[in-house]
2 protein chains.
Amino acid sequence: MTVNALKRQPLYAQVKLLLLQRIGAGEWQTHDALPSEWELADELGASQGTVRKALSELVDAGLLYRQQGRGTYVAPVPGDWGDDARLVTPGLFTEQPDELAREFLGLSRLNASEDIAEALQLRRLAPLLRIRQLWRRHGSPVALDDVLLPAEVFEGMDARWLRGSAGVYGTLQQRFGVRLKIVSEQFRAEMLPREEASLLGVTGMVADVPALCLLRLSADMDGRPLEWRQRYCLTHQLAYTVKHG
Amino acid sequence: MTVNALKRQPLYAQVKLLLLQRIGAGEWQTHDALPSEWELADELGASQGTVRKALSELVDAGLLYRQQGRGTYVAPVPGDWGDDARLVTPGLFTEQPDELAREFLGLSRLNASEDIAEALQLRRLAPLLRIRQLWRRHGSPVALDDVLLPAEVFEGMDARWLRGSAGVYGTLQQRFGVRLKIVSEQFRAEMLPREEASLLGVTGMVADVPALCLLRLSADMDGRPLEWRQRYCLTHQLAYTVKHG
DNA sequence: CAGTGGTCTAGACCACGCC
DNA sequence: GCGTGGTCTAGACCACTGA
């Protein structure tokens with residue numbers, strides 16, 4: 001490597017970081033081809049094998065995909081359900097899931113509770129952005145999201161962006177160059193709280209409904225936690241399915 | 001490579017498969033060191049880099065672990081909760097989880113329902129082994145497992161083995177040389193059924209309790225589905241936490 | 001056919017654990 | 001100091017894609 005021996009990081013890690021930054025900066029758009037492994041190797045003064053190792057890790061991380069004989073491409077940003085999670089019929093693991101329609105409900109501000117401040121490594125009562133959105137399947141509400149983001153990091157967030165089709169993760173990538181990665185998720189069964197029941201259209205006689213409550217913590221590629229998401233799912237006839245590695 | 005060019009598999013894949021078989025056969029025990037990368041390379045007639053690639057994939061798959069400067073070792077078989085799942089306090093992602101005690105309840109036989117037969121790629125009504133076990137935290141029941149396995153594959157299963165500390169996955173590894181890997185999991189919120197409520201010690205006035213219902217499909221390293229597990233978790237004060245890769 | 005990713009080698013050097 | 005895993009290189013060949 002010509003220059004970048006500044007840090008005592010392995011060369012492939014430096015290459016990976018550099019590519020990560022250039023992808024984040026939008027140098028290549030989704031489904032654009034990167035330069036070939038040899039071109040990158042020349043350009044960065046590393047060998048093809050070293051570049052290949054860096055690219056492989058980015059492929060494993062889901063940021064790139066490869067096609068033999070063609071090239072290496074920028075992968076689309078995963079939607080708000082991630083690459084591996086879907087809502088399908090309980091017990092049927094091979095079922096093709098139906099598409100969910102996203103409905104943006106609102107963008108507001110609030111202050112971090114103690115738990116959330118700790119998880120996001122913020123001070124208590126730190127300002128947060130709250131994004132609410134509803135998921136519908138065949139027109140019926142099936143899930144409700146509360147997405148909490150550190151307000152200082154995402155200053156200038158515009159509700160109009162969130163009405164678009166990109167979802168929260170897509171918007172963060174496009175507007176702020178931040179790519180989130182799920183760190184940890186918690187699942188619980190709860191009786192659906194009143195406010196959420198109302199938003200999910202569960203009212204009247206059948207008000208006492210159990211709901212799947214998902215808590216998600218996500219971080220950027222450097223590991224800085226940036227998202228706390230709470231999702232209520234109606235799993236009366238559906239199951240929250242996660243495919244493993 | 002000297003001989004093994006039989007299949008049109010890459011050499012590293014053949015090496016990986018060979019090591020997988022030798023590990024499964026018990027050639028090395030848990031925490032035993034494998035031969036060094038160079039020794040394996042000599043022995044198998046491959047280069048160190050090729051052996052390294054095979055080992056790396058086994059490390060990624062969780063079967064081996066490495067210690068720089070020391071060696072490569074056989075990883076312990078993960079417990080019935082997997083490497084990444086725990087029960088912790090909701091909202092606290094960094095909490096150290098308390099240990100769960102496992103209580104074997106029984107081994108019985110039944111015939112596969114349609115769903116299960118399909119998921120396990122068996123004929124309808126195929127015979128299954130059913131293992132029931134209870135999980136306690138600080139003495140209180142918190143989860144109940146029904147593990148269903150194809151009876152023909154695990155003929156000779158002995159209840160005494162399952163009383164031991166190895167758990168289901170440990171027993172399958174030790175007694176049958178089969179290592180399972182979680183393929184997919186489904187989460188739902190349900191009202192706890194009567195039978196499960198009774199086993200979990202939820203009785204009387206507070207009988208109407210929501211429970212987290214987990215459905216898990218696992219396969220061996222060749223991808224053959226071999227386990228259908230249903231788990232009810234009491235998530236009143238706990239959350240089922242999954243760490244992501 | 002040329003260009004790309006995918007595999008493999010031999011050899012080198014580094015960083016770490018341990019005696 | 002020695003043996004281990006961890007990195008890096010240069011060069012080779014294969015398999016696939018698309019003009």
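Just so you know, these numbers use all the heavy atoms, side chains as well, and skip hydrogens, waters and symmetry mates. Quick note on labels: first sequence line is chain A, next is B, and so on, each numbered from 1.
- Under the salt bridge (Lys or Arg N to Asp or Glu O under 4.0 Å) criterion, the residue pairs touching residues 69-83 of chain A are Asp80(A)-Arg229(A), with sequence neighbours excluded.
- If you check dG5(C), dG5(D), dT9(D) against the side chain of Leu11(A), the one that comes closest is dT9(D).
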Protein and nucleotides 13-15 of chain D: nitrogen or oxygen contacts under 3.5 angstrom:
{"residue": "dA15(D)", "atom": "N3", "partner": "Gln68(A)", "partner atom": "OE1", "Å": "3.2"}

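- The side chain to side chain contact (heavy atoms under 4.5 Å, CB included) search around His31(B) returns Tyr65(B), Pro76(B), not counting sequence neighbours.
- Between the CG atom of Asp220(B) and the CZ atom of Arg179(B) there is a distance of 12.5 Å, given to the nearest 0.5 Å.
- Proximity note for Ser36(B) (side chain, C-beta onward) versus dT9(D), dT4(D), dT7(C): the nearest is dT4(D).
- By the side chain to side chain donor-acceptor pair (under 3.5 Å) test, Gln121(B) pairs with no residue at all, sequence neighbours left out.
- Comparing the local axis fitted to the first five base pairs of the helix from dC1(C)-dG18(D) to dC18(C)-dG1(D) with the one fitted to its last five gives a bend of 10°, rounded to 10°.
- Residues forming a side chain to side chain contact (heavy atoms under 4.5 Å, CB included) with Asp60(B) (at least two apart in sequence, or on another chain): none.
- Rounded to an integer number of Å, the gap from OH of Tyr12(A) to C1' of dG5(D) is 12 Å.
- Among residues two or more places apart in sequence or in another chain, the side chain to side chain donor-acceptor pair (under 3.5 Å) test is passed with Thr241(B) by Gln186(A).
- Considering CG of Leu44(B) and OH of Tyr12(B), their distance stands at 16.0 Å, rounded to 0.5 Å.
- Within residues 47-65 of chain A, the residues having any heavy atom under 4.0 Å from DNA chain D are, by residue number, Ser47(A), Thr50(A), Lys53(A).
- As rounded to whole Å, 19 Å separates atom P of dG3(D) from atom CG of Leu34(B).
- When the P atom of dT4(D) is taken as reference, atom CG of Asp42(B) falls 11 Å away, rounded to whole Å.
- Scored by the side chain to side chain donor-acceptor pair (under 3.5 Å) test, Glu114(A) finds no partners at all (sequence neighbours excluded).
- The interatomic distance linking Glu37(A) (CD) with dC8(D) (C1') rounds to 15 Å, in whole Å.
- With hydrogens and angles disregarded, no donor-acceptor distance shorter than 3.5 Å links the side chain of Glu95(A) to the backbone of Val88(A).
- One interatomic measurement links the two molecules: CG of Leu40(A) to P of dG3(C), which rounds to 16 Å at whole-angstrom precision.
- Sequence neighbours left out, the pairs with a member in residues 12-30 of chain B that pass salt bridge (Lys or Arg N to Asp or Glu O under 4.0 Å) are Lys16(B)-Glu57(B), Arg22(B)-Glu27(B), Arg22(B)-Glu43(B).
- At least one side-chain nitrogen or oxygen of Arg70(A) sits closer than 4.0 Å to the OP1 or OP2 atom of dG18(D).
- Taking the side chain to side chain donor-acceptor pair (under 3.5 Å) definition, one finds that Thr50(B) meets it with Ser47(B), sequence neighbours left out.
- For Glu39(A), taking side-chain heavy atoms from C-beta onward, the closest of the listed nucleotides dT9(C), dG5(D), dT4(C) is dT4(C).
- In this structure, the CZ atom of Arg66(A) is 14 Å from the C1' atom of dC16(D), given to the nearest Å.
- For residues 32-62 of chain B, no residue pair satisfies the ring pair (Phe, Tyr, Trp, His ring centres under 6.0 Å) rule, not counting sequence neighbours.
- Atom C1' of nucleotide dT7(D) and atom CD of Gln14(A) are separated by 12 Å, given to the nearest angstrom.
- The distance between atom CD of Gln67(B) and atom P of dG3(D), rounded to the nearest whole Å, is 19 Å.
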